[in-house]
Amino acid sequence: MPDRAPQPVDRQLPTDEARDLISLVRDIAQREIAPKAAEEEDAGRFPREVFTLLSESGLLGLPYDSEYGGGEQPYEVYLQVLEELAAVRLTVGLGVSVHTLASYALATYGSKQQQVEHLPAMLGGGLLGAYCLSEPASGSDAASLRTKAVRDGEDWVITGTKAWITHGGIADFYTVMARTGEDGPRGISAFLVPADAAGLSAAAPEKKMGMKGSPTAQVHFDGVRVGDERRIGEEGQGFAIALSALDSGRLGIAACAIGVAQAALDEAVTYATERRQFGKPIADFQGLRFMLADMATQIEAGRALYLAAARLRDAGRSFAKQAAMAKLHCTDAAMKVTTDAVQILGGYGYTADFPAERYMREAKVLQIVEGTNQIQRMVIARHLAGPEGR
């Protein structure tokens, strides 16, 4: 029943340029990403050539200044690009979000000289970035990190291990938070570390239930030496930089979650309108119709929430609370929608012959990365009622 087939998301975009950008992304997604997505995810293959194409197409630096090769697009537009990419393959959508996160510190807090020297290659020169904050013993409690950077003349020597690093082992540069002073958040500084630095290595990628095509690995710093010109911001400013980056990064995760949820809904609608039982499409049964309606409503609400937060950011207003809300709602919605999609497909939904099971496995990690949803609830509550233990 083709008249009931899902249609592309009808997006509210601010400019003709943005509409052209979404058209370009959809073309690349359908031509270069979709045909191999399931096969490559199953094989655990990272599509580096896709990221090279995205870089050449100007899609790896969308929210940053055009002076350095960025697209100078508002977050309202950039996030919808992420959603389109994640709907086709989360490894790609999340990968672009992580690269943007890794570029944030230098693009926002770097000196003019640092930006001129490094940003063009990072934003449009084919490089891929990784963001190094978490450690084996400090995940949600990131301020307790133990990786150290010790002064040695005009250099810093970095020693320690970072964990759960997306693009660990394949990135070209790492934005690294390391302790340069006292315990706690005020003793942390940020550094831009090239992947070929002596003493930098990565462990074997983690074996995950989903996102198998996106390598996640520990990254080891064994006396890695970098010049002071690669320190980003002031000494002791690193944790503030990290939190600022995560506010924006959480919006990226929210957009990716809605992309995965939209893909799952589209799959469920297609199946329900084509699958016949008792002489009619199963989409004609009220129980399934209500499930589809609830799934669509959660997606629309999530999209509205992340876009509202993005518009606050674009206007230069505070958006940290709204970013936490968007990350929380959108990722929880993705988990619910993808689970319901598997249910609608029944036994077929549990097989790898259909993408619903992959969407469900991928949605789970979005409730964990860049601040678990329990942390998001703490962030939101602090905005409402102030810090704990006052």
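Each residue takes its place number in the sequence, starting with 1.
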Asks: Salt bridge or not for Lys280 and Asp284, using N-O below 4.0 Å?
Replies: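 Asp284 and Lys280: not salt-bridged.
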Asks: Could you tell me which residues satisfy side chain to side chain donor-acceptor pair (under 3.5 Å) with Glu235, sequence neighbours excluded, listed by chain and number?
Replies: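 Here no residue qualifies.
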Asks: Considering residues at least two apart in sequence or located in another chain, which fulfil the salt bridge (Lys or Arg N to Asp or Glu O under 4.0 Å) criterion with Arg231?
Replies: Asp228
Asks: So, using salt bridge (Lys or Arg N to Asp or Glu O under 4.0 Å) as the criterion, who are the partners of Asp152 when residues are at least two apart?
Replies: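 Once residues adjacent in sequence are excluded, the partners of Asp152 under the salt bridge (Lys or Arg N to Asp or Glu O under 4.0 Å) criterion are Arg225.
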Asks: Taking only residues two or more places apart in sequence or in another chain, which ones pass ring-ring contact (aromatic ring centres under 6.0 Å, His included) with Tyr109?
Replies: none
Asks: Taking distance alone, no hydrogens or angles, what donor-acceptor pairs closer than 3.5 Å link side-chain atoms of residues 345-355 to residues at least two apart or in another chain?
Replies:
from	atom 1	to	atom 2	distance (Å)
Thr351	OG1	Tyr348	O	2.8
Thr351	OG1	Asp353	N	3.4

Asks: According to side chain to side chain donor-acceptor pair (under 3.5 Å), does anything in residues 335-344 pair up with another residue at least two apart or in another chain? List the pairs.
Replies: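 Output for this query lists Lys336-Asp340.
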Asks: Between Ile165 and Gln218, is any pair of side-chain heavy atoms under 4.5 Å apart?
Replies: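 Not in contact.
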Asks: Taking atom types as modelled, find out whether Arg179 and Thr147 have a side-chain donor-acceptor pair closer than 3.5 angstrom.
Replies: no
Asks: Between Pro6 and Leu265, is any pair of side-chain heavy atoms under 4.5 Å apart?
Replies: no
Asks: Regarding Gln367 and Thr372, is there a side-chain donor-to-acceptor distance under 3.5 Å anywhere?
Replies: no
Asks: So, Glu67 and Lys112, do they make that salt bridge, N to O below 4.0 Å?
Replies: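 A salt bridge is present here (some side-chain N lies under 4.0 Å from a carboxylate O).
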Asks: Could you tell me the separation between the CD atom of Gln113 and the NE2 atom of His118, rounded to the nearest 0.5 Å?
Replies: 8.5 Å
Asks: Would you be so kind as to tabulate the donor-acceptor pairs closer than 3.5 Å made by side chains of residues 187-202, with sequence neighbours excluded?
Replies:
from	atom 1	to	atom 2	distance (Å)
Ser189	OG	Thr180	OG1	2.7
Ser189	OG	Gly236	N	2.9

Asks: Thinking salt bridges, do Asp294 and Arg289 make one under a 4.0 Å N-O criterion?
Replies: no
Asks: What side-chain donor-acceptor pairs closer than 3.5 Å can you find for residues 316-328, not counting sequence neighbours?
Replies:
from	atom 1	to	atom 2	distance (Å)
Lys327	NZ	Leu366	O	2.9
Lys327	NZ	Val369	O	3.1
Lys327	NZ	Gly371	O	2.8
Lys327	NZ	Asn373	OD1	3.0

Asks: How would you list, by chain and number, every residue that makes a side chain to side chain donor-acceptor pair (under 3.5 Å) with Lys148, sequence neighbours excluded?
Replies: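 Once residues adjacent in sequence are excluded, Lys148 has no partner under the side chain to side chain donor-acceptor pair (under 3.5 Å) criterion.
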Asks: What side-chain donor-acceptor pairs closer than 3.5 Å can you find for residues 206-215, not counting sequence neighbours?
Replies:
from	atom 1	to	atom 2	distance (Å)
Lys208	NZ	Met211	O	2.9
Lys208	NZ	Ser214	O	2.5
Lys208	NZ	Thr216	OG1	2.8

Asks: Tell me every residue that passes salt bridge (Lys or Arg N to Asp or Glu O under 4.0 Å) with Arg311, counting only those two or more places apart in sequence or in another chain.
Replies: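 Result, salt bridge (Lys or Arg N to Asp or Glu O under 4.0 Å) vs Arg311: Glu76.
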Asks: State whether the side chain of His167 and the backbone N or O of Gly129 hold a donor-acceptor pair below 3.5 Å, judged by distance alone.
Replies: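 Yes, because the side chain of His167 sits within donor-acceptor range (under 3.5 Å) of the backbone of Gly129.
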Asks: To the nearest 0.5 angstrom, please state how far the CG atom of Leu133 sits from the OG atom of Ser138.
Replies: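 Separation between the atoms: 7.0 Å.
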Asks: Apply side chain to side chain contact (heavy atoms under 4.5 Å, CB included) to the pair Arg11 and Glu84, showing each step before the final yes or no.
Replies: CA-CA 11 Å; Arg11 302 195 176 280; Glu84 291 281 344; 2.8 Å; yes
Asks: Checking side-chain polar atoms at under 3.5 Å, does Thr100 have a donor or acceptor matched by the opposite partner on Tyr64?
Replies: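 No, no side-chain donor-acceptor contact under 3.5 Å.
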Asks: Whether Glu300 and Arg303 form a salt bridge (side-chain N of Lys/Arg under 4.0 Å from carboxylate O of Asp/Glu) is what I want to check.
Replies: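 Here Arg303 pairs with Glu300 in a salt bridge, since their nearest N and O are under 4.0 Å apart.
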Asks: Apply side chain to side chain contact (heavy atoms under 4.5 Å, CB included) to Ile232 and Gln237, showing your working.
Replies: CA-CA 9 Å; Ile232 304 171; Gln237 194 182 11; over 6 Å; no
Asks: So, are Glu41 and Lys36 salt-bridged, with charged N and O less than 4.0 Å apart?
Replies: no
Asks: Is the shortest side-chain N to carboxylate O distance from Arg377 to Asp332 below 4.0 Å?
Replies: yes
Asks: Measuring from atom CG of Leu292 to atom CD1 of Ile282, what distance do you get when rounded to the nearest 0.5 angstrom?
Replies: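 It is 8.5 Å, given to the nearest 0.5 Å.
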Asks: Can any side-chain N or O of Thr108 pair as donor or acceptor with the backbone N or O of Ala105 at less than 3.5 Å?
Replies: no
Asks: For Leu128, does its backbone N or O pair with a side-chain atom of Asp172 as donor and acceptor, under 3.5 Å?
Replies: yes
Asks: Please identify each residue that fulfils salt bridge (Lys or Arg N to Asp or Glu O under 4.0 Å) with Glu362, with sequence neighbours left out.
Replies: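 Salt bridge (Lys or Arg N to Asp or Glu O under 4.0 Å) list for Glu362, sorted by chain: Arg358.
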Asks: Quick check for you: to the nearest 0.5 Å, what is the distance between Arg146 atom CZ and Thr159 atom OG1?
Replies: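 One gets 14.5 Å once the value is rounded to the nearest 0.5 Å.
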Asks: Start with the C-alpha distance between Val150 and Trp156, add both sets of side-chain angles, then the distance that settles side chain to side chain contact (heavy atoms under 4.5 Å, CB included), and finish with yes or no.
Replies: CA-CA 5 Å; Val150 178; Trp156 293 89; 5.7 Å; no
Asks: Is the closest basic N to carboxylate O distance between Glu39 and Arg45 below 4.0 Å?
Replies: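 The answer is no: the pair does not qualify as a salt bridge.
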